[in-house]
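Have a look at the structure below before the remarks.
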Amino acid sequence: EKITLSVIKADIGSLAGHHKVHPDTMLASTRVLAEAKKNGLLIDYYVTAVGDDLQLIMTHKKGVNNKEVHETAWNAFEEAAKVAKELGLYAAGQDLLSNSFSGNIRGMGPGVAEMEFNERPAEPVVVFMADKTEPGAFNLPLYKIFADPFNTAGLVIDPRMHNGFIFTVLDVYEGKALDLSTPNDLYDLLALIGTPSRYVIKYVHRKDGEIASTISSERLSLIAGKYIGKDDPVMIVRAQSGFPALGEILEPFSFPHLVEGWMRGSHAGPLMPVGIKDAKMTRFDGPPRVAALGFNIKNGNLVGPSDLFDDVAFDETRRQAQIIAEYMRRHGPFMPHRLGPEDMEYTTLPDVLKKLENKFRPFELGYKPIIKHELEEIK
Ligand code: 13P
Ligand code: 13P
Ligand code: MG
Ligand code: MG
Ligand code: MG
Ligand code: MG
Ligand code: MG
């Protein structure tokens with residue numbers, strides 16, 4: 001029978017700045033999901049948080065994009081946001097961009113990753129959740145997991161994976177998507193996904209049509225038309241038996257690659273894999289972090305989770321991430337630590353530039369700066 005796994009997340013406010021979800025808001029949303037489980041809409045759920053993002057992990061039989069499931073998630077966020085307002089948490093209701101639910105949670109602020117599949121006798125899945133970055137942050141790890149034999153031995157030695165995978169790449173500015181098949185289209189794929197702020201891997205399928213991975217792709221600034229926070233993506237990956245092994249799925253995260261986000265959504269920094277207990281955003285509101293929970297799904301029930309990056313095997317990666325964070329921070333407001341102008345478009349920087357617009361004047365050799373006290377001296 002077909003089971004749907006829905007991961008829906010939103011920032012509904014945070015304790016002491018954008019750094020950590022308050023437990024009372026998690027409780028408020030848990031109550032809504034418990035009710036939905038009691039009523040039979042959800043089979044199971046798990047509520048967690050990474051940084052200032054509240055994460056609802058839900059299983060059901062309603063398929064993807066289901067109105068009732070999305071409405072339940074929306075209500076859970078609204079209840080949590082109420083508590084956030086009562087507690088005076090920072091940016092309460094931040095990602096809830098609409099006043100009322102209108103049939104589908106997509107485009108309303110929250111991030112959504114959902115997949116429907118026939119549950120295997122053993123159905124291992126990994127839910128990745130990142131804060132202070134954007135959906136394209138998963139491009140590089142997804143490439144390694146599903147297309148790089150130096151990462152994923154199964155591409156070479158498992159006949160069920162040997163034909164490769166199909167990547168669906170979304171152009172988030174145009175709202176268009178295309179499918180690229182690996183290994184044949186490898187270079188075309190890289191030509192696009194190397195621009196992670198624009199081209200985002202949305203789905204990965206096996207060649208027999210089985211869904212392997214799905215990623216949230218919502219871009220808040222493109223919905224709201226201005227900067228109101230980063231998109232802090234989530235991703236689901238199925239593991240084992242014809243999909244990459246758990247260790248092949250986690251392996252790319254041993255490299256703390258540079259992603260966009262961090263302070264004010266305007267800086268490049270290393271993506272640091274952490275356990276849930278360390279998933280709070282402190283240094284310069286970061287560095288950007290990713291947590292991973294491993295579940296087995298049985299008859300739709302969520303067995304687990306295991307907190308996968310809460311492990312000494314990733315200590316060295318975290319140390320490396322700290323060193324990179326230190327190196328990047330020393331650039332202060334200079335590129336390429338601060339993002340380029342295209343990516344700053346949706347921040348408050350354009351307002352500053354506008355103020356300076358009238359101060360520009362023609363330049364010629366012998367140019368003397370106009371400074372107030374200097375002019376007075378000339379008189
Ligand atoms: P499965 O093919 O049963 O998933 O096993 C792969 C494996 O041995 C993991 O390293
Ligand atoms: P969030 O999207 O996590 O709220 O980030 C806001 C921010 O600007 C942090 O500096
Ligand atoms: Mg926030
Ligand atoms: Mg966040
Ligand atoms: Mg960019
Ligand atoms: Mg955000
Ligand atoms: Mg074994």
Side-chain angles (χ1 to χ4, degrees), residues 113 115 124-130 133-171 177-217 233-260 268-273 288-292 294 308-309 311 313-314 316-318 320-321 324:
M115 56 163 71
V125 297
V126 184
V127 176
F128 290 91
M129 299 158 285
T133 185
E134 61 185 15
F138 289 130
N139 282 3
L140 187 152
L142 279 167
Y143 167 76
K144 285 191 177 173
I145 295 167
F146 290 104
D148 180 3
F150 278 74
N151 180 88
T152 298
L155 292 168
V156 178
I157 64 181
D158 183 343
R160 294 166 298 180
M161 288 172 61
H162 201 77
N163 289 332
F165 289 87
I166 296 168
F167 289 74
T168 302
V169 178
L170 183 63
D171 176 341
L178 85 167
D179 298 322
L180 292 167
S181 171
T182 55
N184 278 6
D185 302 334
L186 209 61
Y187 299 157
D188 288 340
L189 176 68
L190 287 170
L192 296 179
I193 67 173
T195 308
S197 54
R198 173 159 197 161
Y199 298 104
V200 173
I201 300 172
K202 179 65 191 163
Y203 305 115
V204 182
H205 286 85
R206 210 162 53 189
K207 294 274 167 82
D208 63 0
E210 275 292 314
I211 182 93
S213 181
T214 172
I215 301 89
S216 68
S217 56
V234 289
M235 158 167 99
I236 305 170
V237 185
R238 294 170 81 191
Q240 303 294 153
S241 307
F243 293 113
L246 175 68
E248 292 168 337
I249 292 166
L250 300 179
E251 179 65 7
F253 294 91
S254 66
F255 167 53
H257 68 294
L258 292 173
V259 298
E260 297 188 358
L271 186 64
M272 186 164 79
R289 293 176 212 209
V290 59
L308 296 163
F309 291 139
D311 180 4
F314 286 90
E316 196 55 24
T317 304
R318 289 188 275 265
Q320 207 185 350
I324 296 166

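None of these values were measured; they are calculated from a predicted model.
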- prompt: Is there a side-chain contact between L192 and L178 (heavy atoms, below 4.5 Å)?
  reply: yes
message: How close do N163 and P183 get, counting heavy atoms only, and between which atoms?
response: O-CD, 4.0 Å
message: Between L246 and Q240, is the side-chain contact (heavy atoms from CB on, under 4.5 Å) condition met? List the steps.
response: CA-CA 7 Å; L246 175 68; Q240 303 294 153; 3.9 Å; yes
message: Is any side-chain heavy atom of L142 closer than 4.5 Å to one of S213?
response: yes
- prompt: Counting distance only, does the side-chain N/O of R318 pair as donor-acceptor with the main-chain N or O of P273 below 3.5 Å?
  reply: yes
message: I want to check something: taking the side chain as every heavy atom from C-beta on, are F128 and L308 in contact at a cut-off of under 4.5 Å?
response: no
field: salt bridge (charged side-chain N to carboxylate O under 4.0 Å, His left out): pairs with one or both residues in residues 236-248, sequence neighbours excluded
entry: E123-R238, E210-R238
Any T152 side-chain heavy atom under 4.5 Å of M161 side chain: yes
task: Mind running side-chain contact (heavy atoms from CB on, under 4.5 Å) on F243 and V237 for me, showing each step along the way?
output: CA-CA 9 Å; F243 293 113; V237 185; over 6 Å; no
message: Quick check: closest heavy atoms across I145 and L155, and the distance to 0.1 Å?
response: O-CD1, 4.5 Å
- prompt: Between F253 and F138, what is the ring plane arrangement, given parallel below 30°, perpendicular above 60°, and tilted in between?
  reply: perpendicular
- request: Grab the two heavy atoms, one from G136 and one from V200, that are nearest each other, plus how far apart they are.
  value: N-CG2, 4.0 Å
- prompt: With side chains defined as the heavy atoms from C-beta onward, is the minimum distance between R160 and S241 less than 4.5 Å?
  reply: yes
query: So among N139, I201, L140, which one has a side-chain contact (heavy atoms from CB on, under 4.5 Å) with P196?
result: N139
query: Do the side chains of N151 and Y143 get nearer than 4.5 Å, heavy atoms only?
result: no
- prompt: Just by distance, do the side chain of S216 and the backbone of P233 share a donor-acceptor pair under 3.5 Å?
  reply: no
message: If you define the side chain from C-beta out and look only at heavy atoms, does anything of F309 sit under 4.5 Å from L250?
response: yes
query: Any sub-3.5 Å donor-acceptor pair from H205's side-chain atoms to I211's backbone N or O?
result: no
query: Taking the side chain as C-beta and beyond, is there a heavy-atom pair between H257 and P252 under 4.5 Å?
result: no
field: Step-by-step side-chain contact (heavy atoms from CB on, under 4.5 Å) determination, D185 to T182
entry: CA-CA 5 Å; D185 302 334; T182 55; 5.6 Å; no
- request: Please check if the side chain of T133 supplies one atom and the backbone of E260 the other of a donor-acceptor pair under 3.5 Å.
  value: yes
- prompt: How would you list all residue pairs meeting salt bridge (charged side-chain N to carboxylate O under 4.0 Å, His left out) that involve residues 189-203, not counting sequence neighbours?
  reply: D171-R198, E174-R198
